[in-house]
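Note that the structure is predicted; figures quoted are calculated from it, not measured. A, B, ... follow the sequence lines: proteins, then strands. Residue 1 opens every chain.
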Number of protein chains: 2
Amino acid sequence: MAQVRPMRADARRNRERLLEVAAAAFAERGEGASLDDIARRAGVGVGTLYRHFPTRQALLEAAYLDRIEAIAARADLIAAERAPGEALLEWLNELGVGMIQVRGMKALLGTAVDTACGECVRGAADRLVRAAQEAGTLRPDVEPVEVLRLAHGVATAAESAAGEGGGTAVRRYLSLLVEGLMPR
Amino acid sequence: MAQVRPMRADARRNRERLLEVAAAAFAERGEGASLDDIARRAGVGVGTLYRHFPTRQALLEAAYLDRIEAIAARADLIAAERAPGEALLEWLNELGVGMIQVRGMKALLGTAVDTACGECVRGAADRLVRAAQEAGTLRPDVEPVEVLRLAHGVATAAESAAGEGGGTAVRRYLSLLVEGLMPR
DNA sequence: ACCTGAACACCGTTCAAGT
DNA sequence: ACCTGAACACCGTTCAAGT
């Protein structure tokens, strides 16, 4: 399954360079950043970029893999410190803020919910959701993937509320989602 | 404010043709449909398209204006038939389904929430939200615009749940939003 | 095995020339 | 006053030639 033969030294270097440049480019120009530009800034031919990453999606995934894994890893740290319900909420908040702050990651995680790249995120969501359900602080009839999709939707909503300072909007909309729009 | 001098007959015809073709093109190819293609199919030069609609956004808005007004108009009909809380929910559902079914309209309404084009939608949301709040079936601390943003987010979430038959997903996620993720 | 970059196709946008 | 379409700039993608 994994890479059997090690990559040639130059190929490995190029790949690395491309990932660095791509991460920066996507962060600053969004998911639509010019691939030609990325190749040029990385000092390689465009063909090389396509050889390593056949699609834009593949490059996006690879460029943000470590950041995504970092977010997934946060789940266990948070879970150790808080009650299950609060832990889920806090993690979803960090996920949402991350999606908004790092341009391009929202688009990636939107589809990545069902791709290989999002596996660790799905795993984290699974654990937090199950724990909260067992603790009785989350409806038992919601699936982890539904929670992830809704979190993505919340990030979208928060994004369009650009004016009032980014992160606050995620918290606000997330709490509306958790508590519900009906009066309690 | 409005058009003082009437348009020349050929200009008027071209505008009409462009709108028809654009609506079809956006519906079938999504918001990114080729403007060149639209002009060609409408039988006009590209320059004419740009003269009438300086930006893609302007064309999108104009092409879907009647559909958007139709959705806004539904609000009063629904409000006459149901209790305020249910009316809001039903209208948001129609709005969400519309955004998903007609490709391009979701993107438009996402930003249009704060543009001229979305004025009638905002008006409709205002009335339904206020009514539901007065009837005590909606939290008093949510703004109409927040409800619209969340509805857009819900549509985004439902869209990514492509498999299980479109419209159902909107209802599902909408009810999760309304009832909340916490157990009641 | 991998890299390069020219070549091709495509799209958005502008604008001089036309009626 | 409005239309046309060539011209320009830009981008994604492929692939023959090179090491």
Side-chain angles (χ1 to χ4, degrees), chain A residues 1-64 103-104 107-108 111 115, chain B residues 1-64 103-104 107-108 111 115:
Chain A
M1 188 123 218
Q3 197 93 7
V4 196
R5 293 262 271 132
M7 265 194 280
R8 227 168 64 178
D10 55 346
R12 176 136 198 77
R13 250 196 319 272
N14 283 338
R15 215 188 105 94
E16 217 92 324
R17 279 288 290 147
L18 278 168
L19 285 179
E20 278 173 43
V21 174
F26 287 136
E28 107 181 50
R29 307 210 212 253
E31 46 160 340
S34 161
L35 298 185
D36 212 281
D37 223 57
I38 290 174
R40 202 177 318 117
R41 284 205 250 174
V44 305
V46 236
T48 303
L49 185 152
Y50 279 92
R51 158 169 278 264
H52 286 290
F53 311 101
T55 67
R56 174 183 293 274
Q57 188 70 18
L59 180 57
L60 254 174
E61 288 189 20
Y64 285 137
R103 294 186 60 182
L108 175 56
T111 56
T115 70
Chain B
M1 191 120 217
Q3 197 94 5
V4 196
R5 292 262 273 133
M7 265 194 280
R8 227 168 64 178
D10 56 344
R12 175 137 198 78
R13 251 196 319 272
N14 284 336
R15 214 187 105 94
E16 218 91 323
R17 278 289 291 147
L18 279 167
L19 285 179
E20 277 172 45
V21 174
F26 287 135
E28 106 182 50
R29 309 212 211 252
E31 47 160 341
S34 161
L35 298 185
D36 213 279
D37 223 58
I38 291 173
R40 203 177 316 116
R41 285 206 249 174
V44 304
V46 237
T48 303
L49 186 153
Y50 279 92
R51 158 169 278 263
H52 285 291
F53 310 102
T55 68
R56 173 182 295 272
Q57 187 71 15
L59 181 56
L60 254 175
E61 288 189 22
Y64 285 138
R103 293 187 58 184
L108 175 56
T111 55
T115 70

Exercise for the section: Could you tell me which residues satisfy side chain to side chain donor-acceptor pair (under 3.5 Å) with B/R12, sequence neighbours excluded, listed by chain and number? Expected result: none
Problem - Residue pairs fulfilling salt bridge (charged side-chain N to carboxylate O under 4.0 Å, His left out) with at least one residue in residues 28-38 of chain A, sequence neighbours excluded - result: A/R29-A/D37, A/D36-A/R40, A/D37-A/R40, A/D37-A/R41
Handout entry: Opening and closing nucleotides of DNA chain D in contact with chain A, under 4.0 Å to non-hydrogen atoms
Key = D/dC11 to D/dC15
Practice task
Could you tell me which residues satisfy side chain to side chain contact (heavy atoms under 4.5 Å, CB included) with B/A27, sequence neighbours excluded, listed by chain and number?
Solution key: B/Y64
Problem - side chain to side chain contact (heavy atoms under 4.5 Å, CB included) partners for B/A39, two or more places apart - result: B/V44, B/V46, B/L49
Exercise for the section: Go through the structure and list residues passing side chain to side chain contact (heavy atoms under 4.5 Å, CB included) with B/A24, not counting sequence neighbours. Expected result: none
Handout entry: Sub-4.5 Å side-chain heavy-atom contact between B/L108 and B/F26
Key = no
Exercise for the section: Applying side chain to side chain donor-acceptor pair (under 3.5 Å), name anything that partners A/R51, two or more places apart in sequence or on another chain. Expected result: none
Exercise for the section: Determine which pairs satisfy side-chain hydrogen bond (donor to acceptor under 3.5 Å, both in side chains) with at least one residue from residues 13-25 of chain A, sequence neighbours left out, and list them in order. Expected result: none
Completion exercise
Pairing string of DNA chain C (Watson-Crick or G-U wobble, both atom distances under 3.5 Å; | = paired to other strand) is ||.|||||...|||||.||
Problem - Toward the 5' end of DNA chain D, by each residue's nearest nucleotide, B/D36 or A/P54 - result: B/D36
Handout entry: DNA chain C-proximal residues of residues 9-25 of chain B, any heavy atom under 4.0 Å
Key = none
Practice task
Please name the pair of heavy atoms, one in A/L19 and one in A/L59, separated by the smallest distance, quoted to 0.1 Å.
Solution key: CD2-CD1, 4.3 Å
Exercise for the section: Enumerate the residues from residues 26-34 of chain B whose closest heavy atom to DNA chain D is under 4.0 Å, giving them by residue number; use none for an empty result. Expected result: none
Problem - Nearest-nucleotide 5' precedence on DNA chain C, B/R56 against B/R8 - result: B/R56
Practice task
Report yes if some heavy atom in the side chain of B/Y50 is under 4.5 Å from a heavy atom in the side chain of B/L35; otherwise report no.
Solution key: yes
Fill in the blank from the handout: Numerically ordered, the residues 40-49 of chain B set in heavy-atom contact under 4.0 Å with DNA chain D is B/G43, B/V44, B/G45, B/V46, B/G47, B/T48
